Amino acid sequence: MKTIIEPFRIKSVEPIYFNSKEERIEFLKEAFYNPFLIRSKNVLIDLLTDSGTSAMSSEQWAGIMRGDESYAGSPSFFHFEETVRQITGMKFIIPTHQGRASEKILFSILGGKGKYFISNTLFDTTRANIEYSGAEGIDLLCAEGKKPTIPAPFKGNMDTEALKNIIKEKGAANIPLCLITVTNNSGGGQPVSMQNIKDVKKICVENNIPLFIDACRFAENCYFIKLREKGYADKSVFEIAKELFSYADGCTMSAKKDAFANIGGFLAVQNEELAQLCRNLLIITEGFPTYGGLAGRDLEAIAIGLKEVVDEHYLQYRIRSIEYLSNKLIDAGIPVIQPAGGHAVYIDAKQFLAHIPVTQYPGQALVCALYEEGGVRGVEIGSLMFGKYAEAGGLIPAQMELVRLAIPRRTYTQSHIDYVAEIIIEVFENRKSIVGLAITEEAPMLRHFTAKLKPIN
Ligand SMILES: *Cc1c(COP(=O)(O)O)cnc(C)c1O
């Protein structure tokens with residue numbers, strides 16, 4: 001097989017600012033060993049997130065110029081609405097400024113005390129919006145999804161037996177909806193199979209519970225279905241997406257992911273009454289229904305991005321570039337979640353830095369080491385992000401200590417990725433010299449964004 005090339009050429013470039021290891025040691029100190037506090041111009045390869053960091057196409061930039069900024073009834077809205085409807089088949093399409101704004105509106109209406117929302121895995125903003133409403137979020141990930149190093153094709157699937165049991169336990173009337181996240185971001189970017197979505201839908205129908213899709217990475221998920229699920233090899237990703245959404249009663253989406261936009265999102269539903277309630281809230285918090293929280297130009301960029309993302313040459317390159325980095329690390333004996341997900345590589349820091357106890361945040365120590373060695377910025381998904389304190393004091397660690405390297409879409413080339421692999425391998429060879437960290441300051445919620453740390457000597 002020939003090399004899979006980037007399916008684009010580059011018309012406009014942004015410089016990367018080089019710095020020395022000595023400078024990076026200083027920047028890290030100034031950022032209190034928290035890469036969220038490092039200025040991005042001091043980062044060489046930024047793999048903090050794939051959200052809002054995509055490169056837009058020349059067509060999208062042209063759309064930005066064409067964007068019509070009329071307050072009401074803008075043609076840019078109708079372009080956006082028509083495109084979202086073609087893919088999702090939803091009747092009512094509501095633009096929002098990003099994914100979490102859709103969640104806030106949806107769960108303000110359907111949530112509240114005594115309600116339960118069931119998912120394969122809720123993303124952290126989704127869970128936060130559910131809990132903020134007074135309701136509870138329940139993750140029912142399938143068994144294979146919980147085993148990081150054992151490969152399986154659809155590790156994002158929901159456990160359907162557990163779903164049946166939870167419906168019996170909590171009562172269908174207390175479950176306003178089930179929400180399937182595709183791909184499963186918090187669970188390693190792993191895909192969900194069409195069969196699983198159909199099975200969940202069947203259970204939902206039997207119990208009169210609507211099924212929603214958190215569609216941030218729907219195209220990446222549909223491409224995995226095409227590659228891995230029987231009966232889909234000859235279908236287009238567009239057709240697969242249409243089928244996937246045909247089982248849903250609604251969806252939320254962050255356009256900062258699979259729509260290649262720098263901002264934006266939407267909420268789409270089939271039920272008119274629910275749509276009306278959502279629009280009423282939208283007007284208070286986001287804006288008039290034909291622009292939501294967005295400018296007309298953003299609606300154009302999203303509409304064009306949604307058409308581009310189902311292109312299979314793009315998706316082949318996208319999925320392959322994550323796998324390429326993952327394979328290089330596996331070949332060097334570095335522990336990563338397997339198989340590679342759709343948007344990121346996840347390193348198992350507990351194994352990578354086996355000499356650092358979880359109470360000293362091995363994931364964060366690894367994130368710092370990657371920055372120091374090569375200016376590569378990733379993010380800890382472990383006990384700094386999810387750890388809690390026991391009442392008697394002492395850390396209750398997260399289930400896993402991971403470092404996520406999220407790859408922005410269409411932004412880096414193969415040589416950038418080769419460089420990232422070289423840095424990780426170099427850090428791995430010298431891992432014994434890495435020390436753990438202690439927290440010196442932290443916020444009561446979502447502490448990983450602002451926490452300050454220091455090395456333990
Ligand atoms: C990013 C993300 C969201 C939230 O979207 P924002 O645009 O960041 O508000 C929700 N769900 C998943 C799965 C995501 O990845």
Side-chain angles (χ1 to χ4, degrees), residues 36 47-54 80 84 88 94-108 111 117-133 137 139 141 145 155-158 177-192 197 211-222 224 244-245 248 250-268 282 285-286 292-295 298-299 301-302 305-306 309 318 322 341-344 346 379 381 385-386 402 404-409 446 448-449:
F36 275 106
L47 308 182
L48 188 69
T49 177
D50 64 323
S51 176
T53 52
S54 303
F80 164 86
V84 175
T88 66
I94 299 168
T96 58
H97 81 274
Q98 58 184 86
R100 69 197 69 185
S102 310
E103 294 165 356
K104 172 79 174 124
I105 290 171
L106 186 64
F107 297 118
S108 300
F117 292 91
I118 320 296
S119 181
N120 48 347
T121 310
L122 296 163
F123 182 64
D124 52 13
T125 61
T126 322
R127 174 173 287 280
N129 274 300
I130 288 170
E131 289 174 0
Y132 190 75
S133 82
D139 293 342
L141 187 61
K155 292 174 81 173
N157 281 355
M158 193 190 266
L177 57 84
C178 283
L179 182 67
I180 297 186
T181 311
V182 299
T183 58
N184 188 14
N185 185 3
S186 309
Q190 300 291 325
V192 179
I197 291 171
L211 174 63
F212 271 57
I213 304 285
D214 179 339
C216 293
R217 297 178 183 80
F218 77 95
E220 291 169 6
N221 198 96
C222 290
F224 279 121
L244 188 151
F245 285 110
C251 63
T252 56
M253 176 153 177
S254 167
K256 300 172 75 173
K257 320 288 170 54
D258 263 357
F260 303 114
N262 302 123
I263 196 72
F266 59 83
L267 169 61
L282 182 83
T285 59
E286 294 279 296
L294 295 168
D298 299 322
L299 294 167
I302 294 167
L306 285 171
V309 78
R318 170 70 175 161
I322 315 292
H343 69 291
Y346 296 71
V379 66
I381 302 195
M385 190 179 274
F386 293 122
L402 303 176
R404 185 186 77 180
L405 303 168
I407 315 291
R409 294 169 184 78
L446 298 172
H448 56 284
F449 286 125

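Every number for a ligand or one of its atoms is a count from 1 in the order of the listing. Residue numbers start at 1 and run along the sequence shown. Remember, it's a predicted structure, so these values are computed and weren't measured experimentally.
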Query - Pair Asp124-Ser186, side chain to side chain contact (heavy atoms under 4.5 Å, CB included): steps then yes or no - result: CA-CA 8 Å; Asp124 52 13; Ser186 309; 5.7 Å; no

Within a distance under 4.0 Å of any heavy atom of [X], pick out the atoms of ligand 1 and give their elements.
X      : value
Ser254 : 5 (O), 6 (P), 7 (O)
Glu103 : 10 (C), 11 (N)
Gln98  : 6 (P), 7 (O), 8 (O), 9 (O)
Lys256 : 7 (O)
Thr125 : 3 (C), 4 (C), 10 (C)
Thr181 : 13 (C)

Query raised in the report: Is there a heavy atom of Cys216 sitting under 4.0 angstrom from any atom of ligand 1?
Result: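 Judged by the 4.0 Å heavy-atom criterion, Cys216 does count as contacting ligand 1.
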
Requested in this report: Might you work through the side chain to side chain contact (heavy atoms under 4.5 Å, CB included) test for Thr125 and Gln98, ending with a clear yes or no?
Outcome: CA-CA 11 Å; Thr125 61; Gln98 58 184 86; over 6 Å; no

Query raised in the report: Does Gly99 reach ligand 1 with a nitrogen or oxygen that is under 3.5 Å from one of the ligand's nitrogen or oxygen atoms?
Result: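 Yes; the residue has a nitrogen or oxygen that sits under 3.5 Å from a nitrogen or oxygen of the ligand.
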
Query raised in the report: From Leu106 CG over to Phe117 CZ, what is the distance, rounded to the nearest 0.5 angstrom?
Result: 7.0 Å

Query raised in the report: CZ/Arg404 to CG/Leu48 distance, rounded to the nearest 0.5 angstrom?
Result: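 That separation rounds to 7.5 Å.
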
Report task. Examine Lys155 relative to Tyr346 and say whether NZ or CZ is less than 6.0 Å from the centre of the six-membered ring and inside a 45° cone about the ring axis. Result ->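 No, Lys155 and Tyr346 do not form such a contact.
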
For [atom], find the nearest protein heavy atom and state the residue, atom name and distance (0.1 Å precision).
atom                    : result
atom 11 (N) of ligand 1 : Asp214 OD2, 2.7 Å
atom 8 (O) of ligand 1  : Arg100 NH2, 2.9 Å
atom 14 (C) of ligand 1 : Lys257 NZ, 2.9 Å

Query raised in the report: Would you find a donor on one side and an acceptor on the other, under 3.5 Å apart, between the side chain of Asp298 and the backbone of Gly264?
Result: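 Such a contact is absent between Asp298 side chain and Gly264 backbone.
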
Query raised in the report: Does the distance from a Lys or Arg side-chain N to an Asp or Glu carboxylate O, for Asp50 and Arg409, drop under 4.0 Å?
Result: yes

